[in-house]
Amino acid sequence: MGAESGTVPMTMIQALRSAMDVMLDRDPGVVIFGEDVGYFGGVFRCTEGLQKKYGTSRVFDTPISESGIVGAAVGMGAYGLRPVVEIQFADYFYPATDQIVSEVARLRYRSAGEFIAPLTIRMPCGGGIYGGQTHSQSPEAFFTHVCGLRTVMPSNPYDAKGLLIASIECDDPVIFLEPKRLYNGPFDGHHERPVVPWSQHPRGEVPEGHYTVPLESAAVQRAGSELTVLTYGTMVYVSEAAAQESGVDAEIIDLRSLWPLDLDTVVESVKKTGRCVVVHEATRTSGFGAELAALVQEHCFYHLEAPIERVTGWDTPYPHAQEWAYFPGPDRVAAGFRRVLEK
Amino acid sequence: MIAPPPSGPVPWDKHFAQELLFDMLRIRRMEEKCAELYGAQKIRGFLHLYIGEEACAVGALHALTPEDAIVATYREHGHALVRGVPMNAIMAEMFGKSAGCSRGRGGSMHLFDAAARFYGGNAIVGGGLPLAAGLALADRMQGRQRVTACVFGEGAMAEGAFHESMNLAALWRLPVLFCCENNLYAMGTALGRSESQTDLCAKAGSYGVPAQKADGMDVVAVHEAMKAAAHQVREGLGPFFLELQTYRFRAHSMFDPELYRDKAEVEQWKRRGPIHTFSARLKAEGKLTEGEFLALDARANAQVQAAVEFAEAAAWEPVEDLLRDVVAPT
């Protein structure tokens with residue numbers, strides 16, 4: 001880790017900006033581009049002020065051309081630059097799918113290791129802002145299914161900065177998913193309550209300088225004995241709320257890196273508790289939870305006391321008005337806890 | 001340079017001219033109310049207002065027949081309204097109520113209505129263009145002489161989907177009328193910083209698609225250009241590209257601090273506003289009195305008020321129904 005300086009309170013937006021600021025300063029090969037990230041500073045303000053500080057050749061705007069943005073980053077990476085590109089909403093990555101799957105993910109393999117694609121693709125993801133079907137999706141399983149990509153999703157400002165720096169420094173392409181509902185606070189699914197700001201949360205204290213959070217390390221968010229929750233992003237806080245409100249002594253693992261996965265931490269916890277609930281906001285079928293459930297049964301079968309439960313979004317597009325019905329809130333997660341404990 | 005306000009004779013009778021003015025007023029008043037309702041959190045999520053661009057939808061869509069199809073973007077409230085989607089159903093959709101034209105599942109950006117032959121409401125930039133080519137191809141294969149009007153912003157012209165659609169439409173001589181509403185800013189990025197060729201008609205021309213510009217602040221110019229273009233497309237002469245040069249008076253969406261353009265520029269464009277300039281021309285020609293204008297405006301406001309009351313009173317879609325229409329019923 002090795003932070004070089006003191007900490008200050010940051011939102012996740014400020015922490016991400018700080019990571020990019022640090023890396024722009026340290027490495028002349030780092031360049032940032034995407035739709036409205038330069039002059040405008042990004043729709044969510046993550047890149048605000050960076051163009052002014054580093055100039056238009058380091059931080060620049062692109063047309064609305066997702067395929068071109070990602071594809072250009074591959075070429076730039078092959079020549080030694082470290083592009084950090086933004087897809088404005090994760091829901092907009094689909095036009096770039098061919099570049100991500102066929103070019104980004106496979107450049108190293110296809111060239112037998114002669115070329116690499118050391119780029120980071122940032123994407124705000126997740127719902128809870130009434131964005132409807134085209135501004136709310138959690139597409140992580142599209143990426144974990146593609147060999148050659150790393151897929152990361154931080155759940156707090158400290159991890160966001162440390163993981164983003166680690167991603168930029170990584171020689172592999174990293175899909176960096178940012179749960180937009182966590183940008184301003186640790187949202188726990190209680191949408192009717194006021195937002196708790198990051199300034200009131202210990203993980204909102206962020207070193208100003210350079211540090212990294214290792215890319216393949218899960219974090220035990222809450223230690224517990226009755227069951228293990230495997231989760232990431234917004235659902236970390238929803239699961240915490242569910243544990244608190246249900247009184248279930250859940251051990252909550254924030255995966256942070258979905259792939260590669262910190263399997264040791266997962267296995268150790270499930271072997272200890274003997275029960276496992278997987279929680280994600282994305283749709284259920286072929287979601288990342290399916291992979292997690294498969295891995296847990298492969299590695300922990302003889303320690304399991306009950307079938308693995310999944311608590312997820314529905315197998316529907318994200319609804320607009322009824323998004324809180326789709327969103328797996330604390331009550332649904334707690335119900336999952338009870339099911340796995342009753343069996 | 002920003003052109004002077006639209007002027008010159010209106011080649012229409014009083015009745016038709018007032019009908020188009022009324023539609024522009026309906027859009028304007030509906031959206032002003034939407035902005036207010038957004039502040040009150042009755043409308044939530046994303047809301048992209050069309051205020052300033054009304055002459056485009058009104059002039060263009062009045063040049064089509066009820067059998068023609070429309071494919072639009074996420075700034076589509078005006079197109080839906082002019083096309084005949086009832087204001088009540090639009091407003092209810094904005095609220096997310098089940099009486100909305102998409103049962104409240106879509107919200108502002110995803111209006112659909114089969115009866116009005118309105119094929120969305122596409123919130124992915126450029127997403128509607130290939131679909132429009134497909135509607136047109138199916139029309140031709142099934143022997144119908146209809147036009148598919150595909151509305152999009154100039155920002156969409158940077159997407160691959162634009163280029164693929166133009167090529168397909170030109171190659172297969174499809175009856176698509178590509179209607180580009182060039183409001184000069186792709187979200188916060190000015191045209192000159194997002195297009196290598198800022199003469200958009202030249203871009204369309206490179207596919208062999210005939211192209212023409214019209215003043216998108218002038219409902220007369222839009223309508224006359226669209227009428228001629230639609231006639232050509234309907235006669236089987238292949239696709240057409242119409243660039244409507246326009247300007248949005250409000251932010252890209254409700255969250256946009258508008259740091260990318262000068263306030264003076266916005267004010268200059270407001271002097272070209274489609275409603276007051278058209279009204280002034282009609283008055284000068286004796287086709288509109290101030291009393292008639294106020295009456296039209298009052299009628300528009302009354303429709304808006306009724307639509308809001310309708311939306312307020314409407315029910316939410318039952319949660320158990322949300323699983324419907326994901327796949328065909330079994």
Side-chain angles (χ1 to χ4, degrees), chain A residues 33-45 48-49 51-52 56 60-71 88-89 91-99 127-137 191 283 285 313-327, chain B residues 41 43-47 74 93-98 100 102-110 122-127 153-162 185-191 193-196 252-253 255-260 316-327:
Chain A
F33 56 101
E35 293 158 12
D36 280 335
V37 303
Y39 185 75
F40 191 77
V43 162
F44 293 101
R45 322 309 301 160
E48 191 167 31
Q51 184 180 72
K52 207 168 179 187
T56 51
F60 53 93
D61 292 314
T62 66
I64 306 175
S65 308
E66 294 80 12
S67 174
I69 292 166
V70 171
Q88 194 169 79
F89 286 82
D91 314 65
Y92 300 174
F93 92 84
Y94 304 106
T97 307
D98 176 57
Q99 290 297 317
I129 61 164
Y130 291 99
Q133 56 205 279
T134 50
H135 293 74
S136 308
Q137 294 164 87
H191 57 93
T283 51
T285 303
W314 292 346
D315 279 350
T316 73
Y318 219 108
H320 167 63
Q322 298 283 35
E323 72 171 349
W324 297 114
Y326 170 101
F327 186 92
Chain B
Q41 294 194 315
I43 296 174
R44 295 192 275 197
F46 294 85
L47 181 66
Y74 50 84
E93 187 60 36
M94 302 274 203
F95 275 61
K97 298 292 185 74
S98 64
S102 308
R103 286 185 68 80
R105 292 170 168 198
S108 153
M109 300 184 287
H110 307 104
N122 284 280
I124 299 299
V125 174
E154 86 289 351
M157 292 179 65
E159 287 280 13
F162 168 79
Y185 293 91
M187 298 185 283
T189 301
L191 180 65
R193 294 194 296 124
S194 71
E195 284 292 332
S196 59
H252 164 74
S253 74
F255 302 115
D256 164 3
E258 288 190 77
L259 300 173
Y260 49 82
W316 302 105
E317 182 174 18
V319 167
E320 59 273 20
D321 282 5
L322 288 167
L323 298 174
R324 281 171 45 193
D325 296 319
V326 177
V327 292

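All values below come from the heavy atoms of this structure, side chains included, with hydrogens, waters and symmetry mates left out. Below, read A as the first sequence line, B as the second, and so on, with proteins coming before strands; counting in each chain starts at 1.
For chain A, the option among G126(B), S108(B), G155(B), G100(B) with the highest count of heavy-atom pairs below 4.5 Å is G155(B). For the options G41(A), S65(A), P95(A), heavy-atom pairs under 4.5 Å to chain B are most numerous at S65(A). Of the listed residues D61(A), T62(A), I64(A), the one with more heavy-atom pairs under 4.5 angstrom with chain B than any other is I64(A). In terms of non-hydrogen atom pairs under 4.5 Å with chain A, the most contact-rich of S253(B), G106(B), A161(B) is G106(B). Contact tally against chain A (heavy-atom pairs below 4.5 Å) for L259(B), D325(B), L322(B): the top residue is L322(B).
Contacts between Q88(A) and chain B at a heavy-atom distance below 4.5 Å involve the side chain alone, from C-beta outward. For M109(B), the part lying near chain A is the side chain, with the backbone staying farther off; criterion is any non-hydrogen pair under 4.5 Å. Only the backbone of R105(B) comes within less than 4.5 Å of a heavy atom in chain A; its side chain stays farther off. Interface remark: S67(A) contributes no atoms to any contact with chain B (heavy atom separation under 4.5 Å). Interface residue V125(B): only side-chain heavy atoms are found under 4.5 Å from chain A.
The aromatic rings of H320(A) and Y130(A) stand perpendicular to each other, their planes meeting at an angle above 60°, with 30° marking the opposite boundary. Ring orientation note: the planes of W324(A) and F327(A) are nearly perpendicular, at an angle over 60° on the 30°/60° scale. Aromatic ring pairs are classed by plane angle as parallel below 30°, tilted from 30° to 60° and perpendicular above 60°; the pair F89(A) and F44(A) is perpendicular.
Aromatic pair Y318(A)/Y326(A): ring centres closer than 6.0 Å. For F46(B) and Y74(B), the ring centers sit 6.0 Å or farther from each other.
Residues D36(A) and T189(B) bring a donor and an acceptor atom of their side chains to less than 3.5 Å of each other.
Side-chain N or O atoms of N122(B) include none that pairs as donor or acceptor with a backbone N or O of G127(B) at under 3.5 Å.
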